[in-house]
Amino acid sequence: MTFKMLIVDDEPVICSGLRHTIPWETLGIDVVGEAYDGEEALRIAAVRPLDLVLTDISMEGMDGLELAGTLKSRYPHIRVILISGYEQFEYARQAVRLGIEDYLLKPVDIDELLGLVAKITGQLATDRERKHRKEREEWLGWLNDQMQGIDRACPPAALLWESEAPTDCRVIVSQLDDYACWRQHLSEAESKQMRMRWKAAVEAALQAGCWYPLSIFHHPNLLVTMAAGASASCIDSAPGASCTNAQFDMLERLLSETSERWEGPGRLAFGVSGAFSDPACFRRHGMEAVQALRRRAIEAEHIVFEYGHEIRTPPRSVPCLSDEMSQWEERVARSILKEAEYEVAVAVRELLNGCRARRMLLDEAVQVCDELRLMVCRKLRESGLRIGGEAAGYPLARLDPHVYNSYASIETIFIEQLLALASAAVPPCPGKAWRIMEQAKSYIIQNSGSDLRAADVAGWLQITPNYFSMLFKQHTGKNFSEFLNEQRIKRAKELLLESTDRVYEIADQVGYKEYKYFSAIFKAHTGLTPTDYRELASAR
């Protein structure tokens with residue numbers, strides 16, 4: 001900690017002697033200048049930050065006593081040491097009445113002077129630390145209010161950054177990966193200790209880069225840091241590089257090293273806002289940093305993410321997921337009806353892998369899961385299952401994004417949700433017959449393109465063909481051939497609209513070896529021939 005001191009005496013040789021013969025640096029004193037009368041000293045005090053003034057009393061013009069009184073009035077934080085001769089002791093008594101207790105009698109004893117200055121700087125250090133803590137608390141309270149959307153004027157920054165205002169600011173948010181997976185394994189005390197180490201590690205790294213950090217935990221898994229005061233001289237930038245780019249490069253290096261050294265649970269990742277100079281813009285830039293950090297879910301190879309530098313173009317070979325939702329609905333519903341938990345888990349994993357391949361941010365993937373859950377509920381109800389409101393589950397979008405902050409955690413909870421849905425679904429009638437018939441329907445839909453017969457399905461179910469036909473008619477209100485034709489025609493309509501295959505090729509794909517028979521069945525169901533159906537759809 002350094003303190004600024006001014007030496008005042010109307011004899012330059014004395015000023016020079018006091019300045020250069022005493023080891024002020026050992027006391028943390030920086031002598032910023034000399035003045036040769038009181039008025040000059042006041043001019044310097046008006047433009048230079050001072051902590052201590054060492055002045056003689058007897059000077060031409062404004063003497064030391066008048067200078068001390070003026071300094072006490074204008075700059076009460078400045079401590080004054082008066083030097084007077086024995087014959088000027090009355091002046092020292094007047095100084096005491098002004099509240100100035102620090103004075104020495106000539107001839108000055110150097111050890112006595114150093115002892116007095118050491119005592120004063122100790123008091124100044126205590127006062128500065130107390131004021132610093134108070135201002136820091138005010139700033140931390142302000143940061144917390146800002147993150148909660150409470151708008152109020154920011155506290156003064158003069159002491160905090162030892163300047164009128166910070167020259168450069170960034171908001172840095174940090175978060176631990178897979179928080180939902182490991183938080184339950186830590187006690188409250190362990191979690192608190194872990195966050196203290198986390199905060200200390202981030203702030204130490206920033207201080208090493210000439211930043212002044214202020215940090216708050218806006219959430220147990222979101223540390224928000226306003227880093228301020230980085231000077232251009234601290235940044236070793238390449239020739240031709242902009243100051244902003246060099247600034248981020250330095251931050252990226254410091255934060256990446258912090259993540260590599262981190263020994264706690266999970267791995268630290270960082271979002272960094274754009275640069276700004278007005279602390280009042282903190283909240284907006286804080287939201288920028290949070291938004292930048294969202295990319296962590298799809299860019300696992302990176303640790304530090306800067307706002308405004310994101311590339312989210314999905315690979316050209318990946319089709320739009322919305323075109324496949326009906327297939328996912330069919331697949332998941334079928335797995336639930338078959339009570340095949342493993343198949344449900346595999347389907348969810350493949351779905352989310354597809355979302356990641358499309359470079360969907362986590363909240364976008366969550367929307368896909370919520371949409372699929374609603375579609376599956378509808379499909380199960382169409383199959384005759386009774387599903388209560390609670391059994392239908394809750395939107396994953398309600399999950400805390402700072403807790404469920406990875407694809408792995410979303411995958412786990414969505415599988416659990418679908419399996420809970422399967423357990424809670426109630427068939428409309430008791431016994432195994434209902435589920436057997438639902439399995440039969442799924443089997444028929446899956447194999448409708450093959451040369452499928454009722455006896456084949458009965459054999460797969462391990463029941464007699466007659467019993468199968470009876471149960472199937474009771475359950476669906478249709479016989480096997482009617483249901484099979486419905487599924488084939490449904491698939492044919494999709495292919496006529498989506499593909500460029502010839503009509504006879506589509507007939508073969510959906511299970512009809514005879515084109516004329518296919519055309520007749522298609523017209524019976526739709527009122528149009530396959531060709532007319534395709535042409536009419538194309539004309540719309």
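Bear in mind the structure is a predicted one, so any value in this text is a computation, not a measurement. Starting from 1, each residue takes its place in the sequence as its number.
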**Message:** For Val403, is there any backbone N or O sitting under 3.5 Å from a side-chain donor or acceptor partner on Asn221?
**Reply:** no
**Message:** Within the 4.5 Å heavy-atom criterion, are Ser409 and Tyr179 side-chain neighbours or not?
**Reply:** no
**Item:** Test item: Arg296 side-chain N/O and His302 main-chain N/O as donor-acceptor pair under 3.5 Å
**Value:** yes
**Prompt:** So, for Leu268 and Ile303, which heavy atoms are closest and what is the spacing to 0.1 Å?
**Reply:** O-CG2, 3.6 Å
**Prompt:** Between Tyr404 and Val366, is any pair of side-chain heavy atoms under 4.5 Å apart?
**Reply:** no
**Asked** Can you tell if the side chain of Leu293 reaches within under 4.5 Å of the side chain of Phe270, non-hydrogen atoms only?
**Response** no
**With Asp51 via salt bridge (Lys or Arg N to Asp or Glu O under 4.0 Å) - residues at least two apart** = Arg128
**Request:** Could you verify whether a donor N or O on one side chain and an acceptor N or O on the other, from Ser406 and Asp178, lie under 3.5 Å apart?
**Result:** yes
**Among Glu350, Gln446, Glu324, side-chain hydrogen bond (donor to acceptor under 3.5 Å, both in side chains) partner for Arg331** = Glu350
**Asked** Are the side chain of Arg358 and the backbone N or O of Gly354 linked by a donor-acceptor pair below 3.5 Å?
**Response** yes
**Asked** Does Leu361 offer a backbone N or O that forms a donor-acceptor pair with the side chain of Arg295 under 3.5 Å?
**Response** no
**Prompt:** Got a donor-acceptor contact below 3.5 angstrom from the Thr26 side chain to the Pro23 backbone?
**Reply:** yes
**Asked** What is the distance from atom CG of Asn405 to atom CG of Asp363, rounded to the nearest 0.5 Å?
**Response** 12.5 Å
**Trp328 side chain to Val376 backbone, donor-acceptor under 3.5 Å** = no
**Request:** Could you tell me whether Arg170 and Glu306 have a side-chain N and a carboxylate O separated by less than 4.0 Å?
**Result:** yes
**Message:** So, using salt bridge (Lys or Arg N to Asp or Glu O under 4.0 Å) as the criterion, who are the partners of Asp400 when residues are at least two apart?
**Reply:** none
**Request:** State whether Glu40 and Arg43 are salt-bridged, where the test is any N-O pair (Lys NZ or Arg NE/NH1/NH2 against Asp/Glu carboxylate O) under 4.0 Å.
**Result:** no
**Message:** For Glu411, I'd like to know if atom CD has over 12 heavy atoms of other residues, nucleotides or ligands within 6.0 Å.
**Reply:** yes
**Test item: Asp177 side-chain N/O and Gly266 main-chain N/O as donor-acceptor pair under 3.5 Å** = no
**Request:** Please confirm whether the backbone N or O of Glu288 pairs with a side-chain atom of Arg284, one donor and one acceptor, at under 3.5 Å?
**Result:** no
**Backbone of Phe414 reached by a side-chain donor or acceptor of Gln417 within 3.5 Å** = no
**From Arg74 atom CZ to Leu71 atom CG, the distance as rounded to the nearest 0.5 Å** = 8.0 Å
**Message:** Less than 4.5 Å apart, side chain to side chain, heavy atoms only: is that true for Met194 and Arg183?
**Reply:** no
**Message:** Within the structure provided, determine whether Leu143 and Val224 are in side-chain contact (heavy-atom separation under 4.5 Å).
**Reply:** no
**Prompt:** Are Arg267 and Glu260 within salt-bridge range, i.e. N to O under 4.0 Å?
**Reply:** yes
**Prompt:** Can you find a heavy atom in the side chain of Phe282 that is under 4.5 Å from one in the side chain of Val171?
**Reply:** yes
**Asked** Do other residues, nucleotides or ligands put more than 12 heavy atoms under 6.0 Å from Glu129 CD?
**Response** yes
